[in-house]
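Below: the structure, in structure tokens.
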Amino acid sequence: MKIRDLLKPEGIKLGAAAKNKMDAIDQLVELQNKSGNIKDVAAYKKAILAREEESTTAMGEGIAIPHAKTDAVKQAGLAAMTIPAGVDYDAPDDEPSTLLFMIAAPNSKENVHLEVLSRLATLLMDEDFTKDLRNATTADEFLSIIDRAENARIAEEGEKAVAAQAQTEAGNYPDILAITACPTGIAHTYMAAEALEKKAAEMGLKLKAETQGSAGAKNILTADEIAHAKGIIIAADKTIDRARFGGKMVYETSVSNGINKPEELINKIMNGEAPVQEGTVVKSAPEENGSVLRSFYKNLMNGVSHMLPFVVGGGILIALSFLFDQAGLGTSSYGSSTPIAHFFNATGNAAFGFMLPILAGFIAMSIADRPGLAVGFVGGSLASAGYSWAWLTTTDPNFTLVGGGFLGALFAGFIGGYLTKWLEKLCDKLPDSLEGIKPVLLYPLFGILGIGLIMFSVNPIFAAINTGMSSFLEGLGTSNLILLGAVVGGMMSIDMGGPFNKASYVFGTAMLAEGTVAGQTIMASVMVGGMVPPIAVALSTTLFKNRWTTSDRQAGIVNYIMGLSFISEGAIPFAAADPGRVLPSCIIGSAVAGALSAAFGCTSPAPHGGAWVIAIIGNPLMFLVALAAGSVIGALILSMLKKPLSPAESGLEK
């Protein structure tokens, strides 16, 4: 489809006059009606005016592109008008508009016309093209000018795509990236992208713009491009997810500024005047050569990046609860025996309670877009709680729910996302009249129902793993405390909050409850093993900076606090991003620490607290030696396994 297919001679009015903006809109609406594009003129005009209320559709430079996507449109179409004397259309440059195009877009699943409209929008950024249109004297001449420019543009787009692919394969990445988007995603989105790319080329820079239009995201920014870019410009009038830009300069502004002030925006990045986006940068791993692995990594990191604030904020508050509760040392209520400690502990645990649902929810959202969020969130919550069919029917008052932890939430996120995708395909067969109720009724209702059925069925598997681990530990006995210390310490790092971790911790607290020295020895091994993962990661980010990005190193600092507070979950974002290297390193380090703690005869009468309960630890100096040895060994193994990053990737450029 080409522009000529949407613009008919009867939809063109040359040399017109308009009293004001409303008069110009009325004339353009009438041209659309004459072209047979509108089935409800009043409703279409109402939609046009609603769009104008959001922000003027005048571009400046004498151009205005009023547009609407509505059920009042029968078929996609264009209307065009030249007004030699101009009309005040509230343009950003306060100049009158002399060339106007009105777009009519239907609410339908077929979006072929959107590519054509985006091409028109970019053509209008060419001054010679618009000058020729203004000087046209007949509709046929007007259409002929458009045909020539469009054919040239199509050829140019093909050449640019080939050149861009070749540059990417050669490792020649863009200097700056951009995202452009307007509320309707029809015209302004593409004009802003064109203006930014054109101005960057004039400045001797390479800029790639991702357009988030009505037909979906196009020219999508890759993880490698983000990692190598100096910064990102977001020129948008709607919310853009910025999680993937962690550690990068990001300058956000309106889409109209993208069109009218491209040089100013580019200089914001090049001069280092843009703020740095918080969070962990989402980078691609070198070994991810297959599309399945790349997709898995992208979806996983979307969950991890959203989960991170809950881990950090909640973990630090829990650590403070131990610091402020010295009165509770050695008791089961340690961390909540005083009002101030209880406050910090309750608030921190509330944040931790959201951690697994957030992880699952945003993994599902990455897979299935917004409809997947609720499904994944509920799935993560069910995994955390451990609900099962047996729980529904049991009459045993001692029945205990066993949650699936980190692994269960990962399962729920991916299953929830693909379940939603399946529902979307299934619903594609429904009539167009039901399009509006799919995201608000059908997807959430059947998606949540489906994930509930799945999680109630699979949660017993995670419970069985947990129970099996506990039975295994109980079977080892206490005759060889050093071996047992190594096992329980290593298990604390296998899944950091999941069945293995919980089995080890529950075993340690059960042994502690027996009131024996052996029980306190095991508890000390459990605690030191759980402290190692965050500290090992933190040490690696501190001592081996070239293995990590800037945002990784910033997040690593917090892990010192997490580790000292016996909060293993601080290492989860790093383990999730690179499990093949992080998990083995931490497991070995934790096992060493657990074995040494037992060998040194360290004991802990407290079930939690980490370094904050050092005053009541038996043989405290050697406990710290065991912690240091395990953490250093874990950090060294991790740093040897990870490959050094380039100066650009690590942010260590001089």
Side-chain angles (χ1 to χ4, degrees), residues 314-338 340-342 344-345 348-349 481-482 484-486 488-490 492-493 496 501 504-505 508-509 511-513 515-539 542 557-571 586 589-635:
I316 292 177
L317 289 177
I318 293 173
L320 289 173
S321 74
F322 298 133
L323 180 64
F324 294 143
D325 194 21
Q326 298 304 301
L329 283 172
T331 68
S332 60
S333 62
Y334 178 58
S336 58
S337 69
T338 64
I340 185 66
H342 201 177
F344 281 109
N345 195 277
N349 275 296
L481 288 177
I482 297 176
L484 188 56
V488 296
M492 292 299 291
S493 287
M496 302 175 196
N501 174 284
S504 178
Y505 181 73
T509 55
M511 294 300 296
L512 181 63
T516 64
V517 173
Q520 292 188 10
T521 301
I522 293 169
M523 189 67 243
S525 292
V526 168
M527 189 148 64
V528 77
M531 296 167 71
V532 165
I535 297 178
V537 168
L539 284 172
T542 300
I557 295 172
V558 178
N559 273 271
Y560 285 113
I561 300 174
M562 297 281 207
L564 291 173
S565 303
F566 184 36
I567 301 172
S568 307
E569 287 86 347
C586 291
S590 292
V592 169
L596 288 176
S597 175
F600 295 147
C602 302
T603 58
S604 174
H608 212 302
W612 309 118
V613 298
I614 197 68
I616 61 170
I617 293 289
N619 203 357
L621 179 60
M622 299 313 292
F623 181 84
L624 294 177
V625 169
L627 174 62
S631 300
V632 169
I633 288 173

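Heavy-atom basis, side chains included; hydrogens, waters and symmetry copies ignored.
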Are the side chain of S604 and the backbone N or O of A524 linked by a donor-acceptor pair below 3.5 Å? no
The reported gap from CG in L564 to CG in N559 (rounded to nearest 0.5 angstrom) is 10.5 Å
Below 3.5 Å, can you tabulate the donor-acceptor pairs from side chains in residues 615-633 to any protein atom, sequence neighbours excluded?
from : atom 1 : to   : atom 2 : distance (Å)
N619 : ND2    : F600 : O      : 2.8
S631 : OG     : L627 : O      : 2.8

Could you pull out all residues at least two apart from S493 that satisfy side-chain contact (heavy atoms from CB on, under 4.5 Å)? P533, C586, I587, S590
For residues F566 and M531, report the shortest heavy-atom separation together with the two atoms involved. CA-CG, 3.8 Å
Looking only at heavy atoms, which two atoms of V532 and G589 are closest? And how far apart? CG1-C, 3.8 Å
side-chain contact (heavy atoms from CB on, under 4.5 Å) partners of F344, counting only residues at least two apart: L317, L320, S321, F324, I340
Would you name the heavy atoms of P534 and G530 that are closest together and state the gap between them? CD-O, 3.9 Å
Smallest separation among heavy atoms of A598 and T521, with atom names: CA-CG2, 3.9 Å
Might you point out which heavy atoms bring H342 and S336 nearest each other, and give the distance in Å? CD2-CB, 3.6 Å
